[in-house]
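Here is the naming used below: chain letters follow the sequence lines, and residue numbers restart at 1 for every chain. The shown structure was predicted, so the numbers you read here are calculated from the model rather than taken from an experiment. Side chains included, hydrogens not; waters and symmetry mates left out as well; all remaining heavy atoms used.
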2 protein chains.
Amino acid sequence: MMHIDSQSIEEMESRYRANFFNTISGFKSANLIGTADKSGNTNLAVFNSVIHIGANPPYLGFILRPTTVQRHTYENIKETGFYTFNHIHESFIEKAHQTSAKYERNVSEFEACNFEEEYLDQHKAPYVKESPIKLGLQFEEEHLVKANDTILVIGKVLHAYLDEKLIEADGTVNLTKAGTVTISGLYEYLKTSKLEKFEYAKP
Amino acid sequence: MMHIDSQSIEEMESRYRANFFNTISGFKSANLIGTADKSGNTNLAVFNSVIHIGANPPYLGFILRPTTVQRHTYENIKETGFYTFNHIHESFIEKAHQTSAKYERNVSEFEACNFEEEYLDQHKAPYVKESPIKLGLQFEEEHLVKANDTILVIGKVLHAYLDEKLIEADGTVNLTKAGTVTISGLYEYLKTSKLEKFEYAKP
């Protein structure tokens, strides 16, 4: 095995290091985050950092890098308090990835990338109509990472929309059956196949 | 599509809700975190919450739930300042899952679950010898989530160990080739296959 130490990491070319560390953390979730400002101008952006925070009450988090693109999502969430997570299905990975391009503030990625906005049950943020699993969230709290100015944004899940057939008897949502993809790094989208489902482990 | 609202979420049976929300966030990374206390007693635990925080300097985070098992990992990190991430390879998912069992404080999951401890380059925490991709980290900062007492733990990557052949020309680590798995929820382990690798997106 090759040993890469702190010195070698520092000496890596910048894009090389970004690719290396964006992939080496392991596989990631694949969601489109939908928002709108208070005038109703919408925004849609791919995020690979949605994580589970808790089930009762249901909290999910995501990491916001200090970049222009992601800031539109952040500003809208802070402005309205609401947002949506929409699973990326394998049939639209190319369009989903395109939402990561640096569109101007006045351009909606829904339109630019050809996704259909959908408003459901008075939730003040748009869902992606094409998505097989959609969640409506309300902002709860945020944490600024001092080391590099990224932000952990945490929200409470108020609504979930999905085909009933995707939910197994024990409450598990079958993501493989849903066609939800996983992401490696910043550019690669993958499908999954089940190896094994274990039980609750005991010593 | 079925609509599950806040009322329905509250009324879910507790394990059902846990399974639902642990799966609905999307696919997760699969790592074993290795630690030791200052007397050298080791601990190993499966975590599905390792996330990318930044590449320069390289920071990775993980979420610690307020449970007994995960607390051993936390106590050791706070005691020594060092820990390791070790990718879970598809050949040892059963043993890896077994580390989630509630072993007593004085039991090392390395021994109980049949993993080999490995110390490399003076790093004060044990690696998993069997793992194809290993990272040595130093604690950097933590954030307590007020909503439910989970903790985001962030560390700086000091060392990386992997087969050179897994690193592509642009710095990407090929996780599928490495045999690294992904996790859905708390119990299911999956392998991946590449759909597409895109370029940096432009408007």
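Distance CD1/A/I183 to CG/B/L195: 11.0 Å, rounded to 0.5 Å. Atom-to-atom distance recorded for A/L120:CG and B/D5:CG is 12.5 Å, nearest 0.5 angstrom. The CG atom of A/N19 sits 4.5 Å away from the CG atom of B/D170 when rounded to the nearest 0.5 Å. With rounding to the nearest 0.5 Å, the separation of CG in A/N148 from CG in B/N56 is 10.0 Å. With rounding to the nearest 0.5 angstrom, the CD atom of A/E188 is 6.5 Å from the CG atom of B/N174.
At a 4.5 Å heavy-atom cutoff, A/V107 makes no contact with chain B through either its backbone or its side chain. Of the atoms belonging to A/N48, not a single heavy atom falls under 4.5 Å from chain B. With a 4.5 angstrom heavy-atom cutoff, A/H87 touches chain B only via side-chain atoms. Contacts between A/E168 and chain B at a heavy-atom distance below 4.5 Å involve the backbone alone (N, CA, C, O). Interface residue B/L152: only side-chain heavy atoms are found under 4.5 Å from chain A. Heavy atoms closer than 4.5 Å to chain B are found in the side chain of A/T150, but not in its backbone. Neither the backbone nor the side chain of B/A30 comes within contact range of chain A, judged by heavy atoms closer than 4.5 Å. Interface residue A/T176: backbone and side-chain heavy atoms are both found under 4.5 Å from chain B. Proximity to chain B (any heavy atom under 4.5 Å) is restricted, for A/K134, to the side chain, taken from C-beta onward. Neither the backbone nor the side chain of B/E104 comes within less than 4.5 Å of any heavy atom of chain A. Interface remark: A/E141 contributes side-chain atoms only to the contact with chain B (heavy atom separation under 4.5 Å). Residue contact with chain B, scored on non-hydrogen atoms closer than 4.5 Å, is absent for A/A112. If you measure heavy-atom distances from A/A160 to chain B, the contacts under 4.5 Å come from both the backbone and the side chain. At a 4.5 Å heavy-atom cutoff, the contact between A/L162 and chain B is made by backbone and side-chain atoms alike. A/R15 touches chain B through its backbone: at least one of N, CA, C or O sits under 4.5 Å from a heavy atom, while the side chain does not. Heavy-atom distances place the backbone of A/A169, and not its side chain, under 4.5 Å from chain B. When heavy atoms are compared at a cutoff of 4.5 Å, B/E140 approaches chain A solely by way of its side chain, counted from C-beta outward. Using a 4.5 Å cut-off between heavy atoms, A/Y59 touches chain B through its side chain atoms alone.
For the options B/P58, B/P132, B/G54, heavy-atom pairs under 4.5 Å to chain A are most numerous at B/P58. Of the listed residues B/C113, B/G26, B/S193, the one with more heavy-atom pairs under 4.5 angstrom with chain A than any other is B/S193. Contacts with chain A were tallied for B/D121, B/N31, B/I88, B/T99; B/D121 has the most, counting heavy-atom pairs under 4.5 Å. Most heavy-atom pairs under 4.5 Å with chain A: of the set B/V173, B/V50, B/I154, this distinction falls to B/V173. With chain A as the partner, the residue from B/H159, B/E94, B/K191 showing the most heavy-atom pairs under 4.5 Å is B/K191. Of the listed residues (B/R17, B/E164, B/E109), the one with the most heavy-atom contacts under 4.5 Å to chain A is B/R17.
Between the side chain of B/H97 and the backbone N or O of A/K197 there is no donor-acceptor pair closer than 3.5 Å. Side chain of A/Q98 to backbone of B/K202: a donor-acceptor contact under 3.5 angstrom is found. In this structure, the side chain of B/S6 engages the main chain of A/L158 through a donor-acceptor pair within 3.5 Å.
Shown here for A/S29 and B/S25, the closest heavy-atom pair between the two residues is CB-O, 3.4 Å. The heavy-atom pair separating B/S184 from A/L175 by the smallest distance is OG-CD1, 3.6 Å. Taking both residues in full, the closest heavy atoms of B/F27 and A/T180 are given as CE1-O, 3.3 Å, listed atom of the first, atom of the second, then distance. Closest of all the heavy-atom pairs between A/V145 and B/H143 is CA-NE2, 3.9 Å. Annotation for A/V157 and B/I9: closest pair O-CD1, 3.9 Å, computed over non-hydrogen atoms. Between A/A18 and B/A55 the shortest heavy-atom distance is CA-CB, 3.8 Å.
Counting heavy atoms of neighbouring residues, nucleotides and ligands inside a 6.0 Å radius, atom CD of B/E79 exceeds 12 of them. Enclosure of atom CD in A/E75 by more than 12 non-hydrogen atoms of other residues, nucleotides or ligands within 6.0 angstrom is indicated. Environment of CD in B/E13: crowded, with over 12 heavy atoms of neighbouring residues, nucleotides or ligands closer than 6.0 Å.
In this structure, the side chains of B/F198 and A/I93 come closer than 4.5 Å at one or more pairs of heavy atoms. Side-chain contact check for B/I167 versus A/I4: some heavy-atom pair is nearer than 4.5 Å.
Ring-plane geometry between A/Y187 and B/Y200 is classed as perpendicular, the angle between the planes exceeding 60 degrees on a 0 to 90 degree scale with a lower cut at 30.
Screening B/N22, B/I63, B/T23 for a side-chain contact (heavy atoms from CB on, under 4.5 Å) involving A/H52 leaves a single residue, B/N22.
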